Engineer: 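One structure, as structure tokens, below. Some questions next.
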Amino acid sequence: FERLGHRVTRLRFENDPGFVRTLLTVSLDADLLVTINHLGFDQHGELAAILEQIKLPYVSWFVDRPGFILLGYPSGAGEMANLFTWERSTITEIRNYGFERVEFLPLATDPERFTPGEDLSRGALRWVANSMVSAAAEWREKAGVDHSGLFDLFERAVALQQAGRIEAVAALQTAAVAEGIDIAEWDEHRRLTFASAVALEATKRFRHALAFANAGNGLHLYGDEAWREVAPAIPYEGHVPYPQGLPGVYRGGLHLNCTSYQMPSSVNQRVFDIPMCGGILITDDQEDMHELFKASEECVLFDAPEEAAERATFLLENPEPGRQRMGKAWKRIQKEHTYDHRARTILRSVQKAFGRVAILTEGGKHD
């Protein structure tokens with residue numbers, strides 16, 4: 001927003017008892033409040049009610065599954081709300097909470113952070129990824145998978161997700177019918193918690209399979225410590241600080257990527273960040289890749305871990321075709337897929353609805 005010429009005030013909301021007072025003060029001079037994943041909004045809808053009272057429009061851009069964040073709590077949806085989501089399939093999900101203005105807005109890259117440069121990292125084939133061991137275990141416990149007689153339901157739902165990358169709640173509902181379990185009496189919170197556990201477990205298993213399939217290609221793993229136990233034979237290069245450490249890893253080599261199962265059609269940030277830094281990306285064949293890129297010329301895609309390993313084997317021996325595709329992807333991203341482009345989209349939408357433009361965003365410390 002600053003690069004587009006707008007004045008920005010950053011608000012800290014965590015552990016700040018004066019947050020609402022500060023918000024009210026700066027709102028006297030503001031056109032818009034912007035947040036990510038509804039951060040700062042409470043489960044009772046009180047902040048949304050305040051924004052309605054003072055007539056301050058707000059934008060919340062979901063870049064994680066909205067249902068797993070809202071979890072059936074009162075949304076406080078009103079006339080001031082302008083919601084965006086990185087995953088098309090969640091538009092109806094968000095509207096079911098009462099929000100009227102909901103638009104698709106894919107992820108992008110920061111053109112000032114993700115830039116070409118000297119490659120200082122290890123491994124011709126690299127993968128920066130969370131093993132999902134901790135997250136999957138945490139949500140499995142929240143869902144009561146191992147203590148409620150629902151293990152078979154859980155396993156069937158995970159298998160359905162892996163087989164067709166269908167949405168997690170749909171996988172749960174289909175699995176429940178097959179298992180003869182009536183989940184109609186479950187409240188929304190329980191359904192979403194269980195579905196979240198399913199999506200995280202499916203993601204974990206896919207990531208582990210991808211790592212094992214590429215072990216023979218000299219894969220080097222970057223991420224959380226659990227990779228040491230999951231794949232002890234694969235070189236582990238440690239944690240990468242997000243996001244400042246990523247460009248140094250992305251500026252060379254060949255990179256794997258796979259999308260979380262909470263995203264049936266959308267893409268994650270790596271599909272933009274890695275080509276911008278000069279690395280070669282091998283990523284799973286998500287539907288949105290074909291809308292955001294000219295996939296046959298600008299991407300290297302796979303459907304299964306074994307196919308990813310075949311792509312990696314070829315490109316390790318013949319990197320030039322990969323470099324050519326990434327060069328074309330770099331041009332596409334510069335032209336269409338930076339956060340400057342996404343900020344312009346947000347501003348156009350808000351301006352259309354309110355005749356106003358943004359000068360207030362949320363996050364970080366006070367300037």
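As a basis for the values below, the full set of heavy atoms in this structure was taken, side chains included, without hydrogen atoms, waters or symmetry mates. These numbers were taken from a predicted model, which means no experiment stands behind them.
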Engineer: Counting the benzene-type ring for Trp, do His239 and Tyr222 have ring centres under 6.0 Å apart?
Structural biologist: no
Engineer: Working note: Glu103 + Ser349, criterion side chain to side chain donor-acceptor pair (under 3.5 Å); need CA distance, chi angles, decisive distance, verdict.
Structural biologist: CA-CA 9 Å; Glu103 299 179 38; Ser349 178; 2.4 Å; yes
Engineer: Do Tyr97 and Glu188 have a side chain donor and acceptor closer than 3.5 Å?
Structural biologist: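 No, no side-chain donor-acceptor pair sits under 3.5 Å.
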Engineer: Give me the one residue out of Gln262, Gln161, Arg65 that meets side-chain hydrogen bond (donor to acceptor under 3.5 Å, both in side chains) with Glu167.
Structural biologist: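 So the option named by the test is Arg65.
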Engineer: Quick one: do Phe194 and Trp139 satisfy ring pair (Phe, Tyr, Trp, His ring centres under 6.0 Å)? Show the steps, please.
Structural biologist: CA-CA 8 Å; Phe194 202 95; Trp139 281 84; over 10 Å; no
Engineer: In terms of hydrophobic clustering (I, L, V, M, F, W, Y; side-chain heavy atoms under 4.5 Å; direct or indirect links), are Leu83 and Tyr339 co-clustered?
Structural biologist: yes
Engineer: Within a 6.0 Å radius of atom CH2 on Trp186, are there more than 12 heavy atoms belonging to other residues, nucleotides or ligands?
Structural biologist: yes
Engineer: Should Phe62 and Val102 be counted in the same cluster of Ile, Leu, Val, Met, Phe, Trp and Tyr side chains packed under 4.5 Å apart?
Structural biologist: yes
Engineer: Under the salt bridge (Lys or Arg N to Asp or Glu O under 4.0 Å) criterion, do Arg10 and Glu2 qualify, and how do the steps go?
Structural biologist: CA-CA 12 Å; Arg10 294 173 176 83; Glu2 289 172 336; 3.3 Å; yes
Engineer: Shortest non-hydrogen contact from Leu292 to Glu336?
Structural biologist: O-OE1, 4.3 Å
Engineer: How about NZ on Lys142, more than 12 heavy atoms from neighbouring residues, nucleotides or ligands closer than 6.0 Å, or not?
Structural biologist: yes
Engineer: Any chance you could lay out the ring pair (Phe, Tyr, Trp, His ring centres under 6.0 Å) test for Phe272 and Phe114, step after step, and finish with the verdict?
Structural biologist: CA-CA 9 Å; Phe272 308 109; Phe114 292 93; over 10 Å; no
Engineer: Check this for me, if you would: do Arg126 and Asp119 make a salt bridge, where the nitrogen-to-carboxylate-oxygen distance has to be below 4.0 angstrom?
Structural biologist: yes
Engineer: Are side-chain heavy atoms of Glu201 and Tyr261 found at a separation under 4.5 Å?
Structural biologist: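 Heavy-atom side-chain distance check fails, nothing below 4.5 Å.
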Engineer: Looking at every heavy atom in both Ala168 and Ala199, which two are closest together, and how far apart are they?
Structural biologist: CB-CB, 4.0 Å
Engineer: Show the nearest heavy-atom pair for residues Tyr58 and Ala48, with the distance to one decimal.
Structural biologist: OH-CB, 4.2 Å
Engineer: Just by distance, no angles: are the side chains of Arg251 and Thr115 close enough, under 3.5 Å, to form a donor-acceptor pair?
Structural biologist: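 There is such a pair between these side chains.
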Engineer: Assess the residue pair Ser131 and Asp224 against the criterion (side chain to side chain donor-acceptor pair (under 3.5 Å)); give the C-alpha distance rounded to whole Å, side-chain angles, the decisive distance to 0.1 Å, and a yes or no.
Structural biologist: CA-CA 7 Å; Ser131 69; Asp224 60 295; 2.7 Å; yes
Engineer: So is Arg88 actually on top of Phe104's ring, under 6.0 Å and inside 45° of the axis?
Structural biologist: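 The answer is yes; both the distance and angle limits are met.
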Engineer: Please assess Gln173 against Val169 for the test side chain to side chain contact (heavy atoms under 4.5 Å, CB included), listing each intermediate value before the final yes or no.
Structural biologist: CA-CA 6 Å; Gln173 292 170 338; Val169 174; 3.8 Å; yes
Engineer: Begin from the C-alpha positions of Leu316 and Phe314 and carry the test side chain to side chain contact (heavy atoms under 4.5 Å, CB included) through to its verdict.
Structural biologist: CA-CA 6 Å; Leu316 287 168; Phe314 173 80; over 6 Å; no
Engineer: I would like to know whether Arg7 and Asp31 meet salt bridge (Lys or Arg N to Asp or Glu O under 4.0 Å); could you show each step before the answer?
Structural biologist: CA-CA 10 Å; Arg7 180 163 56 87; Asp31 288 325; over 6 Å; no
Engineer: Looking at every heavy atom in both Met289 and Cys299, which two are closest together, and how far apart are they?
Structural biologist: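 Taking Met289 first and Cys299 second, the nearest heavy atoms are CE-SG, 3.4 Å.
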Engineer: For the pair Phe293 and His337, evaluate ring pair (Phe, Tyr, Trp, His ring centres under 6.0 Å) and give the outcome as yes or no after the intermediate values.
Structural biologist: CA-CA 10 Å; Phe293 296 91; His337 302 311; 5.5 Å; yes
Engineer: Do NZ/NE/NH1/NH2 and the carboxylate oxygens of Arg165 and Asp285 come within less than 4.0 Å?
Structural biologist: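 Here Arg165 does not pair with Asp285 in a salt bridge, since their nearest N and O are not under 4.0 Å apart.
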Engineer: Identify the two heavy atoms, one from Asp284 and one from Cys258, that lie closest to each other, and give their separation to 0.1 Å.
Structural biologist: OD1-CA, 3.4 Å
Engineer: Indicate the atoms forming the closest heavy-atom contact of Tyr250 with Arg270, along with that distance.
Structural biologist: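 Heavy-atom minimum between the residues: OH-CG, 3.5 Å.
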Engineer: Between Trp227 and His208, does the ring centre distance come in under 6.0 Å?
Structural biologist: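 When the ring centroids of Trp227 and His208 are compared, they turn out to be within the sub-6.0 Å range.
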Engineer: Give the intermediate values and the outcome of side chain to side chain donor-acceptor pair (under 3.5 Å) for residues Thr85 and Glu87.
Structural biologist: CA-CA 5 Å; Thr85 176; Glu87 167 59 53; over 6 Å; no
Engineer: Run the salt-bridge test on Arg122 and Glu237 with the 4.0 Å N-O cut-off and return the result as yes or no.
Structural biologist: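 Here Arg122 pairs with Glu237 in a salt bridge, since their nearest N and O are under 4.0 Å apart.
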Engineer: Any side-chain heavy-atom pair from Trp127 and His255 closer than 4.5 angstrom?
Structural biologist: no
Engineer: One pair to check against salt bridge (Lys or Arg N to Asp or Glu O under 4.0 Å): Asp273 and Arg113. What are the steps and the verdict?
Structural biologist: CA-CA 9 Å; Asp273 295 344; Arg113 183 185 298 276; over 6 Å; no
Engineer: Salt bridge check, Glu298 against Arg325: does any charged N sit closer than 4.0 Å to a carboxylate O?
Structural biologist: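 So Arg325 does not pair with Glu298 through a salt bridge.
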Engineer: Run Asn82 and Phe99 through side chain to side chain contact (heavy atoms under 4.5 Å, CB included) and show every step you take.
Structural biologist: CA-CA 8 Å; Asn82 301 263; Phe99 295 101; over 6 Å; no
Engineer: With a 4.5 Å limit on heavy-atom distance, are the side chains of Tyr236 and His220 in contact?
Structural biologist: no
Engineer: I'd like to check Trp86 versus Pro66 (side-chain heavy atoms, cut-off strictly below 4.5 Å). Are they in contact?
Structural biologist: yes
